Participant: 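Here's a structure for you.
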Amino acid sequence: MRGASVRTPVAILPHASTITVCSQKGGTGKTTAVRTLCDVFRRIGLDVLAVDLDPQGNLSDYFDVPADASPTIADVLAGQARAVDAIHDGSVLPANLGLAESELVLAGKMGRELTLKRALREAKRQYDLVVIDCPPSLGLLTVNALVAADYALISSEAEYFSLQGVEQALEVVELAKESIHPELEWLGIVLNIADLRLVHSREALQQLKERFGEKVFETVVRRSVRYAESAERGISILDYAPDLGSDYLRLGEEVLGRLGDDETASRVAALRADVDPAQVSAG
Ligand SMILES: Nc1ncnc2c1ncn2[C@@H]1O[C@H](COP(=O)(O)OP(=O)(O)O)[C@@H](O)[C@H]1O
Ligand SMILES: [Mg+2]
């Protein structure tokens with residue numbers, strides 16, 4: 001189901017729309033997707049808050065937050081800092097290993113699934129979009145991220161068991177919806193880190209499409225070693241390899257389209273035409 005007819009465009013909402021990117025395991029390109037989608041949305045002028053909810057802190061690293069930055073999301077979840085005071089550089093709510101412990105602390109609290117949602121309420125008013133990166137598991141942190149979100153986006157690597165992983169992630173999305181957060185919308189699945197020259201990648205895509213139809217984003221994010229290189233150098237793939245980065249421009253355009261915001265989606269389309277005219281005309 002596309003949200004175009006029911007959703008209010010992001011730009012005129014009283015608070016930011018929130019997208020949570022999750023998957024059942026690590027290495028599915030979640031953090032890269034969050035980072036690069038944030039880059040795309042910022043380039044069309046949106047004010048975006050990136051929230052790192054993974055104790056590994058990869059997203060925080062990507063955005064050059066020092067490892068000893070304080071306070072972090074862990075302090076926010078523990079009720080020891082306000083989210084607005086933990087935002088680094090006006091753009092990222094960082095995490096570090098301390099977050100692993102706060103997951104345990106959270107587990108024993110009343111309203112444990114609602115903690116992030118409540119904590120972000122004030123900060124959300126100051127942004128157009130919030131994008132949350134999840135840990136590589138479907139535990140309490142991911143549940144918090146889903147409950148705090150308007151939309152869930154599942155990232156799946158193009159491997160033999162990807163369908164199974166997506167089913168598991170989707171179960172948690174459905175559970176959050178049924179038990180706590182009925183308005184949560186499942187935005188779709190992106191096939192990530194895919195080499196469609198390989199039979200198993202093509203099979204993974206076909207299986208996902210058979211099972212989930214239009215929920216599978218048309219954009220497939222291609223696999224390339226240049227992602228690891230760009231991460232190492234701290235340069236967005238949009239700049240490091242614009243030809244590859246165009247995958248994320250297309251994905252960003254699709255995401256905003258599914259949020260019902262055709263105006264911002266068309267801004268991404270214009271950016272894509274600038275960056276890579278050949279790709280656009282090739283469709
Ligand atoms: N499209 C891609 N092609 C190749 N490697 C990628 C791609 N996207 C991400 N990577 C690399 O794969 C690894 C896992 O990606 P990451 O985004 O950290 O996944 P996750 O957050 O799901 O664990 C990282 O080393 C990253 O640089
Ligand atoms: Mg990650």
Side-chain angles (χ1 to χ4, degrees), residues 19-40 50-65 67 72-73 92-97 99-100 103 131-139 141-142 144-146 152-159 161-162 164-166 168-170 172-173 188-198 200-202 204-205 208 216-252 254-255 276 279:
I19 303 170
T20 283
V21 179
C22 62
S23 67
Q24 162 265 359
K25 58 175 206 151
T28 65
K30 281 181 298 300
T31 302
T32 306
V34 170
R35 189 253 159 104
T36 315
L37 285 173
C38 285
D39 291 339
V40 169
V51 178
D52 191 353
L53 208 61
D54 182 354
Q56 292 176 76
N58 295 149
L59 186 71
S60 308
D61 287 345
Y62 267 148
F63 284 126
D64 277 335
V65 180
T72 66
I73 188 77
V92 53
L93 235 172
N96 59 31
L97 270 179
L99 182 58
E103 183 168 27
V131 189
I132 306 176
D133 187 26
C134 286
S137 64
L138 297 170
L141 288 173
T142 295
N144 262 269
L146 289 170
L153 194 164
I154 297 175
S155 182
S156 171
E157 89 284 46
E159 296 296 338
F161 297 106
S162 39
Q164 212 176 321
V166 171
Q168 285 171 7
L170 196 53
V172 175
V173 172
I189 313 159
V190 58
L191 191 74
N192 212 331
I193 319 185
D195 184 346
L196 292 181
R197 290 169 302 187
L198 303 176
H200 78 266
S201 289
R202 288 200 302 274
L205 180 59
L208 287 177
V216 182
F217 283 98
E218 276 169 40
T219 308
V220 170
V221 177
R222 288 167 290 171
R223 174 195 292 268
S224 164
V225 292
R226 309 207 70 186
Y227 276 90
E229 293 168 11
S230 77
E232 214 168 278
R233 290 171 172 76
I235 303 171
S236 173
I237 197 74
L238 299 180
D239 296 316
Y240 189 71
D243 55 323
L244 291 164
S246 69
D247 291 350
Y248 274 106
L249 291 175
R250 285 182 63 197
L251 182 64
E254 276 195 84
V255 166
D276 202 343
Q279 289 270 339

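If you're wondering where the values come from, they're calculated on a predicted model, not measured in any experiment. Atom set for the values below is all heavy atoms of this structure, side chains included, hydrogens, waters and symmetry mates excluded. Just follow the structure's listing: the first ligand is 1, and inside any ligand the first atom is 1.
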Participant: Output the list of atoms in ligand 1 that are nearer than 4.0 Å to some heavy atom of Lys30, sorted by atom number.
Facilitator: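 Atoms satisfying the 4.0 Å criterion: 17 (O), 19 (O), 20 (P), 21 (O), 22 (O).
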Participant: Is Asp195 salt-bridged to Arg223, going by a charged N under 4.0 Å from an acidic O?
Facilitator: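 Looking at Asp195 and Arg223, the cut-off is not met.
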Participant: Quiz question: by atom type and distance under 3.5 Å, do the side chains of Thr28 and Asn192 form a donor-acceptor pair?
Facilitator: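 There is no such pair (donor and acceptor under 3.5 Å, judged by atom type) between the side chains of Thr28 and Asn192.
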Participant: Considering all protein heavy atoms, does one lie under 4.0 Å from atom 4 (C) of ligand 1?
Facilitator: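 Flag for atom 4 (C) of ligand 1 set to true, protein heavy atom closer than 4.0 Å.
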Participant: What do you think, any protein heavy atom under 4.0 angstrom from atom 24 (C) of ligand 1?
Facilitator: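 No, no protein heavy atom sits under 4.0 Å from atom 24 (C) of ligand 1.
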Participant: Which atoms of ligand 1 sit under 4.0 Å from any heavy atom of Ala228?
Facilitator: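 Close to Ala228: 27 (O).
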Participant: Return yes if some donor-acceptor pair links the side-chain N/O of Glu157 with the main-chain N/O of Gly27 below 3.5 Å, else return no.
Facilitator: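 No; judged by distance alone, with no hydrogens or angles, the pair does not exist.
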Participant: What protein heavy atom sits nearest atom 19 (O) of ligand 1, and how far off is it?
Facilitator: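 Result for atom 19 (O) of ligand 1: Gly29 N, 3.0 Å.
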Participant: Less than 4.0 Å from atom 13 (C) of ligand 1, is there any heavy atom belonging to the protein?
Facilitator: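 For atom 13 (C) of ligand 1 the answer is no, since every protein heavy atom stays at 4.0 Å or beyond.
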Participant: State the OG1-CG distance between Thr20 and Asn144, to the nearest 0.5 angstrom.
Facilitator: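 Spacing of OG1 (Thr20) from CG (Asn144) equals 10.0 Å.
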Participant: Looking at ligand 1, does any of its N/O atoms fall within less than 3.5 Å of an N/O of Asn58?
Facilitator: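 Among all N and O atoms of Asn58, none is under 3.5 Å from an N or O of ligand 1.
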Participant: Are any of the N or O atoms of Ser23 closer than 3.5 Å to those of ligand 1?
Facilitator: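 No; every N/O pair is 3.5 Å or more apart.
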Participant: Short check: any N/O/S atom of Gln56 below 2.8 Å from the Mg ion (ligand 2)?
Facilitator: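 Short answer: no, not a single N, O or S atom is under the cut-off.
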Participant: Is the closest heavy-atom distance from Pro136 to ligand 1 below 4.0 Å?
Facilitator: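 No, that is not the case, since the closest heavy atom of the residue is not under 4.0 Å from the ligand.
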Participant: Could you list the atoms of ligand 1 found under 4.0 angstrom from a heavy atom of Thr28?
Facilitator: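 Contacts of ligand 1 toward Thr28, numbered from 1: 19 (O), 20 (P), 22 (O).
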Participant: Side chains of Ser162 and His200, heavy atoms from C-beta outward: is any pair under 4.5 Å?
Facilitator: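 When only atoms from C-beta onward are counted, His200 and Ser162 do not touch, as no gap falls below 4.5 Å.
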Participant: Quick check: do Ser236 and Tyr248 have side-chain heavy atoms less than 4.5 Å from each other?
Facilitator: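 Side chain of Ser236 against side chain of Tyr248, heavy atoms only: no contact under 4.5 Å found.
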Participant: Numbering the atoms of ligand 1 from 1, which are under 4.0 Å from a heavy atom of Val221?
Facilitator: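 This gives 1 (N) as the contact atoms.
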Participant: With a 4.5 Å heavy-atom cut-off, do Pro135 and Glu103 have their side chains touching?
Facilitator: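 Side-chain contact under 4.5 Å: no.
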Participant: Has Thr142 got a side-chain atom pairing as donor or acceptor with Ser137's backbone, closer than 3.5 angstrom?
Facilitator: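 Yes, the answer is positive, given that a donor and an acceptor are paired below the 3.5 Å cut-off.
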Participant: Just distances here: any N/O of Gly27 and N/O of ligand 1 closer than 3.5 Å?
Facilitator: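 Such a contact does occur with ligand 1.
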